[in-house]
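Every heavy atom of this structure was used, including side-chain atoms; hydrogens, water molecules and symmetry mates were not. All chains are named by letter (A, B, ...) in the order of the sequence lines, taking the proteins before the strands, and each is independently numbered beginning at 1. Keep in mind that what you see is a predicted model, and the values were worked out from it rather than measured.
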Number of protein chains: 4
Amino acid sequence: MPRPRSDEKRIAILEAATRVIVKQGLSAPTMVIAKEAGVANGSLFTYFETKTDLFNQLFLELKMEMATGAMNLPVDAEVREQFFHLWKKWMNWAISNPEKRRAIAQLSVSDEITPVTRAAGHKMMAHVADLLERARAHGPMQKVSMVFLVALMNSVAEATMDFMTQDPANAKKHSKEGFEAFWRMLN
Amino acid sequence: MPRPRSDEKRIAILEAATRVIVKQGLSAPTMVIAKEAGVANGSLFTYFETKTDLFNQLFLELKMEMATGAMNLPVDAEVREQFFHLWKKWMNWAISNPEKRRAIAQLSVSDEITPVTRAAGHKMMAHVADLLERARAHGPMQKVSMVFLVALMNSVAEATMDFMTQDPANAKKHSKEGFEAFWRMLN
Amino acid sequence: MPRPRSDEKRIAILEAATRVIVKQGLSAPTMVIAKEAGVANGSLFTYFETKTDLFNQLFLELKMEMATGAMNLPVDAEVREQFFHLWKKWMNWAISNPEKRRAIAQLSVSDEITPVTRAAGHKMMAHVADLLERARAHGPMQKVSMVFLVALMNSVAEATMDFMTQDPANAKKHSKEGFEAFWRMLN
Amino acid sequence: MPRPRSDEKRIAILEAATRVIVKQGLSAPTMVIAKEAGVANGSLFTYFETKTDLFNQLFLELKMEMATGAMNLPVDAEVREQFFHLWKKWMNWAISNPEKRRAIAQLSVSDEITPVTRAAGHKMMAHVADLLERARAHGPMQKVSMVFLVALMNSVAEATMDFMTQDPANAKKHSKEGFEAFWRMLN
DNA sequence: AATGAATGAGCCTTCATTCAT
DNA sequence: AATGAATGAAGGCTCATTCAT
């Protein structure tokens with residue numbers, strides 16, 4: 001596992017970028033990101049070839065982290081229960097990491113994120129797609145394109161996250177309402 | 001007595017901005033926008049004080065156009081029918097104006113759009129909110145926050161639009177599927 | 001006397017320029033000057049071909065006004081008395097027109113004022129030079145270059161004016177002190 | 001460890017600015033100054049935050065250099081001799097550095113030079129003021145405001161410098177004439 | 001003649017990237 | 001590898017001047 005240079009610093013830069021993007025948007029100077037990470041501006045470029053490269057890597061890293069919750073689901077449970085488990089993990093991550101979520105949102109609409117990166121991001125949702133496949137079986141959406149379904153799920157999840165972040169006191173309630181709205185869509 | 005400020009030119013700039021934003025993102029140089037509009041770069045600033053101002057006005061203009069479809073609904077029809085009518089108009093606008101939709105998406109996440117502009121944008125959806133209020137009555141979402149509901153509707157609509165734009169051949173079918181998924185959420 | 005266009009407006013622009021130059025310096029936009037004069041920015045250029053032209057004409061106009069006081073001196077009086085009379089008129093003009101004085105100061109150092117304009121400005125002091133010629137006769141400066149003498153006189157006068165403007169309450173006293181200092185130089 | 005910020009370059013920029021200001025005035029583009037200094041336009045801004053900052057620092061630097069001559073006067077000499085010594089040093093600097101003098105003149109009237117900078121510039125003349133105080137004792141100007149006196153001295157000195165620069169062949173003679181005229185003012 | 005919109009060159013400054021140390 | 005100075009292209013905006021009305 002030959003990881004050249006300090007992985008600590010690489011991560012520090014990625015985390016700094018997340019924070020700075022939320023505050024200043026994607027036009028944030030690399031110098032600001034570097035300063036926030038506690039490294040010299042030039043050092044940023046020993047870890048990431050270009051600013052675009054940094055953004056693409058960050059996008060993937062965040063997507064990956066977000067998808068991690070989709071692992072280790074209770075296998076023998078009912079589909080709905082499995083899905084709800086996943087949903088909760090997801091929502092939990094969202095309110096625990098509001099900045100990362102916002103950064104993903106910004107990066108998602110950027111034209112700096114290459115199609116390749118986007119595709120890689122989608123792959124991480126493969127597990128979820130499997131589950132979704134089983135969840136819609138026999139329901140009214142059994143013939144709908146999987147891509148569309150994933151998009152719908154994502155959009156409902158995003159809306160729910162937004163709302164939870166805005167009203168954290170009732171986060172749990174909103175999470176449940178969101179899930180049930182989604183489930184009604186499927187069944 | 002002098003050459004009057006032409007509304008045509010103003011609109012040409014707004015339309016040019018829409019096109020350029022889709023192609024190059026919000027970082028598109030004002031000079032490119034001006035050239036695309038067929039005016040000198042300096043002229044852009046006689047119509048819009050700053051680039052930010054241009055973006056805010058464009059955002060509103062697009063939102064307004066998008067909301068126009070929500071008017072003149074068949075009043076005596078059933079709620080579901082009224083809503084479907086609205087939905088179709090909306091989707092229709094979306095596939096007819098894919099660039100405008102993308103531009104809105106870009107502008108929405110920009111930190112250049114002021115809260116005031118955003119608020120004004122929301123107001124235009126008031127009609128829809130009324131209809132939504134009646135649509136959810138008696139259903140499982142009767143106690144959910146209106147803000148949340150609007151967000152959910154938007155997100156489902158957006159996902160549907162995206163999908164329709166990607167697969168225009170089956171646009172009508174996707175539109176219907178999207179609407180029904182949404183309606184199931186409400187009832 | 002075919003004076004085309006309105007002389008009123010020409011003067012309004014010159015006066016506006018004086019005021020604006022004092023406030024904003026020579027880099028003041030022509031548009032600001034025009035607005036201050038109550039005319040459209042384009043109109044300024046029907047009265048003055050270029051900004052540089054405006055500045056040159058203004059310089060001359062102000063110099064001329066300043067030199068006007070040097071006329072109509074009491075011919076049969078003693079030289080010193082004549083000179084003092086001139087001096088007082090001059091100082092009086094200065095404290096009555098502080099803005100014009102400041103404008104001249106700004107214009108004098110500008111590289112936009114052509115040598116021709118400067119030369120014309122000097123000519124207006126011819127009267128004074130005559131008087132100065134007689135004043136220095138037999139004194140210690142009888143062999144000094146006239147140009148130098150004029151420069152010295154000017155510089156002492158300017159310093160006096162500055163001081164009078166700063167402390168208008170004792171203007172008269174300062175005027176006298178300045179004159180006597182100058183006279184001591186000559187005799 | 002990185003290339004250290006070089007004082008040489010800072011000075012090169014200041015000197016370049018001096019030359020360019022003389023030729024083109026204060027509106028000279030920073031890019032021209034940078035090129036004249038042999039650095040990239042961007043580099044100018046690592047040494048001076050803004051163009052205004054550059055001008056203020058240059059003003060002070062020049063004033064300081066000019067005032068340096070006022071040091072190390074022959075302490076036990078007569079006042080007049082001390083003053084003449086100072087005067088000669090001053091005039092000498094002036095004809096040796098005609099560009100610096102012109103640059104100071106331009107900067108002095110600029111509204112970009114802050115009051116703070118001006119005040120700092122004045123402080124450097126403190127030594128001279130002391131000497132002037134002794135020089136005017138018992139003379140006709142013993143009750144005149146010190147500020148006025150300094151202004152008078154400056155104005156006579158400036159006029160003398162101008163004349164010396166114009167006719168360098170007789171520089172020494174003009175210098176003496178200027179000084180004696182000034183001294184006559186005081187005594 | 002008067003107006004003010006149209007033009008486009010120009011300027012200060014920023015910033016991604018490179019490079020000397 | 002790390003640092004931060006050096007580079008220079010680029011961009012938003014200004015403004016003198018021109019021109020259609």
Determine the contact category for B:F48: base if any of its heavy atoms lies under 4.0 Å from a base atom, sugar-phosphate if only primed atoms, P, OP1 or OP2 are that close, otherwise nothing.
nothing
Would you classify B:K35 as touching base, sugar-phosphate or nothing, given that sugar-phosphate means primed atoms plus P, OP1 and OP2, and contacts are heavy atoms under 4.0 Å?
nothing
Whole-Å gap separating P (F:dA20) and CZ (B:R5):
19 Å
Pair A:K23 + A:E99, salt bridge at N-O below 4.0 Å
no
Grab the CZ-P distance between B:F55 and F:dC13 for me, whole Å please.
10 Å
Can you tell me the distance, in whole Å, between the CZ atom of D:R10 and the C1' atom of F:dA6?
18 Å
Let me know the distance between CG of C:L44 and P of F:dC15, rounded to the nearest Å.
14 Å
Given side-chain contact (heavy atoms from CB on, under 4.5 Å), test B:M124 with B:L60 step by step and report yes or no.
CA-CA 9 Å; B:M124 290 172 189; B:L60 269 188; 3.9 Å; yes
Strand partner of F:dT21, provided both Watson-Crick or wobble distances fall under 3.5 Å:
E:dA2
Want to settle it: does B:S6 or D:P4 sit nearer the 5' end of DNA chain E, counting the closest nucleotide to each?
B:S6
Does C:Y47 put a side-chain nitrogen or oxygen below 4.0 Å from OP1 or OP2 of E:dA1?
no
Base-pairing mate for F:dA16 - Watson-Crick or G-U, with both contacts under 3.5 Å:
E:dT7
At under 4.0 Å between heavy atoms, how does the protein contact nucleotides 12-18 of chain E? Give one character per nucleotide, 5' to 3', with B, S or -.
SBBSSBB
Tell me whether the OP1 or OP2 atom of F:dA1 has a side-chain N or O from A:T46 closer than 4.0 Å.
no
Rounded to the nearest angstrom, tell me the gap between atom CD in C:E112 and atom C1' in F:dC15.
13 Å
Locate the shortest heavy-atom distance separating B:I21 from B:A103; write the atom from each residue and the value.
CG2-CA, 4.2 Å
Nearest-nucleotide pick for C:K9, side chain only, options being F:dT7, E:dA2, E:dA5
E:dA2
Between CG on residue B:N56 and CD on residue B:E49, distance to nearest 0.5 Å:
12.0 Å
CZ/D:R102: more than 12 non-hydrogen atoms of other groups inside 6.0 Å
no
For B:A37 versus B:A12, what's the shortest heavy-atom pair and its separation?
CB-O, 3.6 Å
Using 0.5 Å steps for rounding, measure from the OG1 atom of A:T18 to the CZ atom of A:R101.
14.0 Å
Between F:dA16 atom P and C:I13 atom CD1, what is the distance in whole Å?
14 Å
